[in-house]
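Chain letters run A, B, ... following the sequence lines, proteins first and then strands; every chain starts at 1. Atoms considered below: every heavy atom in the structure, side chains included; atoms not considered: hydrogens, waters and symmetry mates. Computed from a prediction, not measured in an experiment: that's the story for all the values here.
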Number of protein chains: 2
Amino acid sequence: MLSERQSMILNAIVDDYIRSAEPVGSRSISKRGDVAFSPATIRNEMADLEELGFLEQPHTSAGRIPSNKGYRYYVDHMAPLKPLKAEDLKLFKQLAAEKLNAVEEVVQHAGTILASMTNYTSILLGPEMFNTSLKHFQLLPLNETTAVAIIVTSTGEVENKTVSIPPGVSASDMERTANLLNAKLSGVPMHMLKARIYSEIGQEIQRHAEHYEQLMKLLDDSLVSGKDQKVFLSGTTNMLIQPEFRDIGKLKTVLDLLEETPTLTRLLNSDQKGIHVRIGSENIHQAFVNCSLITATYSLDGESFGTIGILGPTRMEYAKVIGTLDLLSRAMSRALTGRYGP
Amino acid sequence: MLSERQSMILNAIVDDYIRSAEPVGSRSISKRGDVAFSPATIRNEMADLEELGFLEQPHTSAGRIPSNKGYRYYVDHMAPLKPLKAEDLKLFKQLAAEKLNAVEEVVQHAGTILASMTNYTSILLGPEMFNTSLKHFQLLPLNETTAVAIIVTSTGEVENKTVSIPPGVSASDMERTANLLNAKLSGVPMHMLKARIYSEIGQEIQRHAEHYEQLMKLLDDSLVSGKDQKVFLSGTTNMLIQPEFRDIGKLKTVLDLLEETPTLTRLLNSDQKGIHVRIGSENIHQAFVNCSLITATYSLDGESFGTIGILGPTRMEYAKVIGTLDLLSRAMSRALTGRYGP
DNA sequence: GTTAGCACTCTATCTGAATGAGTGCTAAAC
DNA sequence: GTTTAGCACTCATTCAGATAGAGTGCTAAC
């Protein structure tokens with residue numbers, strides 16, 4: 001689609017613009033050394049590239065800046081990833097070496113590393129509950145009217161919810177019900193739990209305990225939580241140092257969205273595994289028109305997955321970020337897999 | 001210290017400045033109606049007030065703005081609180097009416113209400129662990145090397161931590177230890193727990209189980225967490241709409257601090273109960289020099305307490321915020337007390 | 001096909017003048 | 001003695017016009 005030379009020039013422009021955040025002129029490209037043509041020649045090519053939609057011009061006498069299409073081309077034809085610097089690798093080793101036990105701790109720590117290495121905002125999604133299974137269930141009465149329901153998953157995640165005890169249900173009722181659930185449904189995937197409760201535990205409860213209806217209601221309440229993935233943010237204030245967000249209005253749109261966890265979850269999740277790059281308006285959400293979101297997936301035990309992502313301006317250091325995400329997602333998978341096998 | 005008239009003028013200036021965020025001139029005060037003197041007279045008083053340190057002047061030909069001392073006087077001599085608007089009261093009723101069970105949910109919800117009612121940033125501290133007591137303890141093995149420790153407090157809070165199982169310790173060892181703890185130390189205040197474990201459980205374990213050292217180590221690890229109060233933030237992006245934070249540098253200092261939960265905890269906690277106002281440099285932390293922090297305490301069961309706070313620019317609607325905090329802290333105490341009695 | 005040269009465009013920056021909000025001081029009025 | 005009108009003065013803000021400079025597009029020469 002693009003000639004060799006056009007491709008080189010586009011590359012050089014994107015590269016320069018990522019560094020400087022200022023429109024790039026023909027002369028500065030010519031002086032870079034990697035495109036050995038005169039400014040005039042480069043100008044001609046730039047005019048063509050603009051006509052093709054890869055570049056934009058803020059005004060007639062300014063240099064060019066990449067359009068979304070330009071970034072997209074840059075990313076799709078990017079040179080193979082540079083190896084990371086030694087000091088960065090150190091941080092990864094920390095992740096593996098530190099005695100981080102719970103999955104959430106690993107995820108959170110990875111988010112901090114990611115934000116501090118890239119100077120962008122990191123958004124991480126905890127593992128999907130979909131494929132984890134039930135390890136333990138407990139119903140603990142606090143007083144006459146309320147109890148805490150505790151669910152432990154196979155990955156060691158603990159979810160808890162305070163529920164009200166339906167009238168007439170006794171402590172021993174609850175204990176028996178919980179024991180039944182542990183005996184019969186331990187190891188059952190979380191997404192099948194409700195169905196299995198109805199099919200297998202229902203009659204059992206009906207036989208042994210009064211208040212069938214109430215107990216089922218109680219179980220229902222207890223299992224509501226823990227459905228949604230947890231969101232971990234880090235480096236949100238890195239957004240402030242980007243010149244494109246000097247405008248407080250734009251900044252607020254983005255930061256506001258970062259507080260809406262359900263929307264974030266929706267935006268980060270995608271069906272496919274691996275690395276994803278969404279540039280500017282490729283993001284569905286209006287607030288991200290000036291942003292690029294790069295995501296990768298990590299695996300927990302080969303079946304259940306989570307997502308790690310970096311949010312920054314469209315003028316983002318794609319190569320570095322993609323490389324980092326790739327490595328970190330692998331490191332996380334390594335740190336997490338095997339530990340909580342079936 | 002100040003004459004009646006000086007006090008009135010200072011009041012008027014602070015009031016105007018809070019609304020407009022612009023230096024206040026003598027003419028505009030004179031036109032307000034509540035200080036029936038000519039601009040010249042007011043000018044003279046303003047000069048005196050500046051000399052006394054209650055006002056400042058950005059430059060010679062500008063109006064006056066309140067100094068920290070001016071705000072302090074304003075707050076200390078403030079008219080009794082205005083009753084809240086009807087629509088605001090609705091939100092409070094929501095808090096009481098909604099079937100919010102867990103303490104954390106109430107606190108979080110209160111934070112959201114607070115931020116949306118005031119348009120400032122709310123910072124809430126969960127209840128201090130200090131006075132809650134142990135309800136239940138559990139050690140649940142996940143695989144050969146790791147286990148989850150779960151602690152439930154008398155207020156229904158659930159803390160969990162993944163710990164590694166010391167070599168040689170069996171599942172039944174752990175179960176027995178947990179049972180022992182529940183039997184002997186249920187109801188013991190959390191801050192005494194470790195001491196009581198050594199004094200009462202230690203020998204018991206030594207008698208019944210091998211691996212005394214390892215089991216004690218395991219217990220030690222399990223009880224590390226849950227010490228610090230949780231921090232709930234809401235409306236952080238409200239900081240962006242304040243004209244004093246149009247300067248991104250200042251903004252970043254504040255937002256960065258908001259991410260440091262331990263520092264926040266330290267800044268919010270104070271020995272005394274009731275409402276506290278910290279204006280500008282009265283805050284210990286450098287990042288808050290342009291901010292005022294107003295805090296109130298809520299009680300959980302008459303013994304254990306938490307803090308709710310509002311962070312805004314020193315030019316803050318003190319009357320409204322103090323009124324809201326007062327009412328909301330009461331509402332929270334009402335919603336929380338009695339539910340988790342001893 | 002490439003490049004040197006040149007006219008042209010447009011932004012950013014600086015200057016100086018005009019504007020106006022607000023003050024401080026003095027002297028008159030109450 | 002207190003209050004106020006009047007006036008000179010200060011200083012930030014705004015605007016217009018001038019200038020500089022970066023960069024372009026086009027043409028003609030290589």
Do B:T236 and A:E259 have side-chain N/O donor and acceptor atoms under 3.5 Å apart?
-> yes
Between B:D16 (CG) and C:dG22 (C1'), how many Å, whole number?
-> 15 Å
Contact state string [nucleotides 24-30 of chain D, B base, S sugar-phosphate only, - no protein heavy atom under 4.0 Å] = BB-----
Looking only at heavy atoms, what is the nearest atom pair of A:A296 and A:I275, with distance?
-> CB-CG1, 3.9 Å
Could you state the atom-to-atom distance from CD1 of B:I9 to P of D:dT3 in whole Å?
-> 10 Å
Over how many whole Å does the gap from B:E45 atom CD to D:dT2 atom P extend?
-> 11 Å
Answer yes or no: is there a donor N or O on one side and an acceptor on the other, between the side chain of A:T295 and the main chain of A:G309, under 3.5 Å?
-> no
Ring pair (Phe, Tyr, Trp, His ring centres under 6.0 Å) pairs, two or more places apart, involving residues 43-66 of chain A | A:F54-A:Y73
Position toward the 5' end of DNA chain D (nearest nucleotide), A:S28 or B:P58 = B:P58
Output a table of nitrogen or oxygen pairs between the protein and nucleotides 13-18 of chain C separated by less than 3.5 Å.
none

Interface polar pairs with nucleotides 14-17 of chain D, N/O, under 3.5 angstrom:
none

Distance in angstrom units between B:I42 CD1 and D:dT2 P, rounded = 17 Å
Mark yes or no for whether B:S30, through its side chain, and B:S26, through its backbone, hold a donor-acceptor pair below 3.5 Å.
-> no
Is atom CZ of A:R32 surrounded by more than 12 heavy atoms (other residues, nucleotides or ligands) closer than 6.0 Å?
-> yes
C:dA21 P sits how many Å from B:H59 NE2, rounded?
-> 13 Å
Answer yes or no: is there a donor N or O on one side and an acceptor on the other, between the side chain of A:N283 and the main chain of A:H285, under 3.5 Å?
-> no
For A:S38 and C:dT2, is the shortest distance between a side-chain N/O and OP1 or OP2 below 4.0 Å?
-> no
Under the ring pair (Phe, Tyr, Trp, His ring centres under 6.0 Å) rule, what pairs show up with a residue in residues 235-264 of chain B, not counting sequence neighbours?
-> none
Mark yes or no for whether A:S67, through its side chain, and A:G53, through its backbone, hold a donor-acceptor pair below 3.5 Å.
-> yes
Row check, B:F288 ring normal vs B:R278 NZ/CZ: under 6.0 Å, within 45° = no
Partners meeting side-chain hydrogen bond (donor to acceptor under 3.5 Å, both in side chains) with B:N238 (sequence neighbours left out) = none
Integer-rounded Å distance: D:dG1 C1' and B:F37 CZ | 14 Å
